[in-house]
Novice: 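Quick one: the structure is below, questions incoming.
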Number of protein chains: 2
Amino acid sequence: MVKRTSFEGDGCPIARSLDALGDWWSLLIIREALFGLRRFGEFQSKLGMAKNILSVRLRSLVDHGILATAPASDGSAYQEYVLTPKGRGTFPILVALRQWSEEFDDRPEEIATVLVDRAKGRPVKKLEMRAEDGRLLSPADTTLKPRATRRRRLA
Amino acid sequence: MVKRTSFEGDGCPIARSLDALGDWWSLLIIREALFGLRRFGEFQSKLGMAKNILSVRLRSLVDHGILATAPASDGSAYQEYVLTPKGRGTFPILVALRQWSEEFDDRPEEIATVLVDRAKGRPVKKLEMRAEDGRLLSPADTTLKPRATRRRRLA
DNA sequence: CTCCAGTGGTTGCATCATAAAACCAAGTTG
DNA sequence: CAACTTGGTTTTATGATGCAACCACTGGAG
């Protein structure tokens with residue numbers, strides 16, 4: 001079993017997320033999908049990746065419920081890949097990755113784009129972690145608690 | 001070159017982030033480091049990963065300025081791996097990954113832990129994206145702008 | 001209908017990364 | 001100083017990745 005060590009059974013939600021989108025291409029595919037790309041060829045030419053890898057990744061993302069295949073859209077008989085709500089839910093992850101790069105990259109001058117508020121054209125604020133009551137939290141202000149395990153319902 | 005396609009030269013900050021921590025183990029190592037793990041053996045036994053891989057990953061994280069080697073701490077002559085500010089800066093990424101899993105995982109009952117506000121013991125709020133003036137932004141409220149740059153891009 | 005270009009993949013092969021286990025050297029302990 | 005622990009490296013097997021070639025289907029021109 002020299003497999004890629006799947007984290008499916010792991011109790012850590014971070015590991016579980018990585019199991020779905022923790023490879024080199026998945027998040028980039030999702031990024032392009034958020035930009036509106038839908039067709040196989042669009043992803044392939046935009047990302048410049050091998051078609052077989054793209055094929056595998058798209059299938060994996062569909063299996064994970066992040067993308068769904070839609071039978072049409074512009075009339076042609078081809079298939080499209082569209083984000084599900086679960087897929088669109090990755091947006092904060094992408095923003096966090098982007099902001100981390102903006103803040104800590106060794107060569108920030110190579111970063112080509114800025115995420116801005118569409119209305120004002122100004123950069124978005126850094127993501128903040130807040131408590132239920134709105135207090136700003138630092139990492140040190142948080143801790144992990146075991147989840148209250150409730151009885152399993154309908155196996 | 002069939003290499004792992006490094007995204008170092010890419011202008012996309014997401015790709016640049018993934019280049020540093022986009023593999024299966026790096027973010028989990030960082031997660032453990034945020035929990036206070038410092039020693040090689042601690043990471044190895046907690047994550048259950050092969051020692052050679054851990055060795056390579058730790059070196060990579062050090063090269064990327066995410067971890068730094070500290071010569072001691074408890075008196076022993078061994079070496080420790082501690083997070084740099086850049087490493088601690090990944091916290092929002094981990095929170096985003098965690099929250100995505102909490103919100104969309106197909107088997108949420110398998111998630112073992114909850115991130116809580118230490119003071120109140122209550123779960124932290126979802127990360128929010130806000131404009132400079134504080135308005136809450138949805139993905140659709142944002143757009144990408146080319147960065148103001150004086151340097152020519154590679155043709 | 002036939003031919004042909006474009007789209008959307010799959011297959012083969014070479015190379016790289018990963019994993020498990022064996023091995024090893026320095027540090028620490030008895 | 002002998003034994004054990006820590007912190008790795010080496011070896012070997014196998015899975016993943018990348019490129020190129022190939023193939024099926026679509027849509028359009030003739």
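Keep in mind it's a predicted model, so treat the numbers as computed, not measured. Every chain is numbered from 1, with letters handed out A, B, ... down the list of sequences.
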Novice: Without decimals, in angstroms, what is the distance between B:L47 CG and C:dA20 C1'?
Specialist: 16 Å
Novice: Determine all donor-acceptor pairs shorter than 3.5 Å in which one atom belongs to a side chain in residues 121-130 of chain B; sequence neighbours excluded.
Specialist:
residue: B:R122; atom: NE; partner: A:E132; partner atom: OE1; Å: 3.0
residue: B:R122; atom: NH2; partner: A:E132; partner atom: OE2; Å: 3.2
residue: B:K126; atom: NZ; partner: B:E103; partner atom: OE1; Å: 3.1
residue: B:E128; atom: OE1; partner: B:R130; partner atom: NE; Å: 3.2
residue: B:E128; atom: OE1; partner: B:R130; partner atom: NH2; Å: 2.8
residue: B:R130; atom: NH1; partner: B:G134; partner atom: O; Å: 2.7

Novice: Would you kindly give the CG-to-P distance between A:L54 and D:dA20, to the nearest whole Å?
Specialist: 16 Å
Novice: Below 30° counts as parallel, above 60° as perpendicular, anything between as tilted: where do the rings of B:Y81 and B:F43 land?
Specialist: perpendicular
Novice: Do A:W100 and B:F91 have their ring centres less than 6.0 Å from each other?
Specialist: no
Novice: To the nearest Å, give me how far apart CD (A:Q44) and C1' (D:dG18) are.
Specialist: 12 Å
Novice: Could you state the CG-P distance from B:D23 to C:dA17, rounded to the nearest angstrom?
Specialist: 12 Å
Novice: Hey, what are the protein-to-nucleotides 3-9 of chain D N/O distances that come in under 3.5 Å?
Specialist:
residue: D:dT6; atom: O4'; partner: B:Y78; partner atom: OH; Å: 3.4
residue: D:dG7; atom: OP1; partner: B:R39; partner atom: NE; Å: 2.5
residue: D:dG7; atom: OP1; partner: B:R39; partner atom: NH2; Å: 3.2
residue: D:dG7; atom: OP2; partner: B:G41; partner atom: N; Å: 3.2
residue: D:dG8; atom: OP2; partner: B:Y81; partner atom: OH; Å: 2.8
residue: D:dG8; atom: N7; partner: B:K51; partner atom: NZ; Å: 2.8
residue: D:dG8; atom: O6; partner: B:K51; partner atom: NZ; Å: 2.5
residue: D:dT9; atom: OP2; partner: B:S55; partner atom: OG; Å: 2.4
residue: D:dT9; atom: OP2; partner: B:R59; partner atom: NH2; Å: 3.4

Novice: To the nearest angstrom, how far is B:D19 atom CG from C:dA17 atom C1'?
Specialist: 15 Å
Novice: Using a heavy-atom cut-off of under 4.0 Å over every strand shown, decide if B:A77 touches base, sugar-phosphate, or nothing.
Specialist: sugar-phosphate
Novice: In the structure I gave you, are the side-chain heavy atoms of B:K145 and A:T113 within less than 4.5 Å of one another anywhere?
Specialist: no
Novice: Kindly determine whether A:E42 and A:R38 satisfy salt bridge (charged side-chain N to carboxylate O under 4.0 Å, His left out), including the steps that lead there.
Specialist: CA-CA 7 Å; A:E42 289 178 326; A:R38 294 159 161 261; over 6 Å; no
Novice: Taking the side chain of B:W25 as its heavy atoms from C-beta onward, which of C:dG27, C:dA19, D:dC19 lies nearest to it?
Specialist: C:dA19
Novice: Could you check how far CG of B:L28 sits from P of C:dT18, rounded to whole Å?
Specialist: 14 Å
Novice: Got A:L144 and B:V116 here, is their nearest side-chain heavy-atom distance under 4.5 Å?
Specialist: no
Novice: Report the distance from atom CD1 of B:I53 to atom C1' of C:dC16, rounded to the nearest whole Å.
Specialist: 12 Å
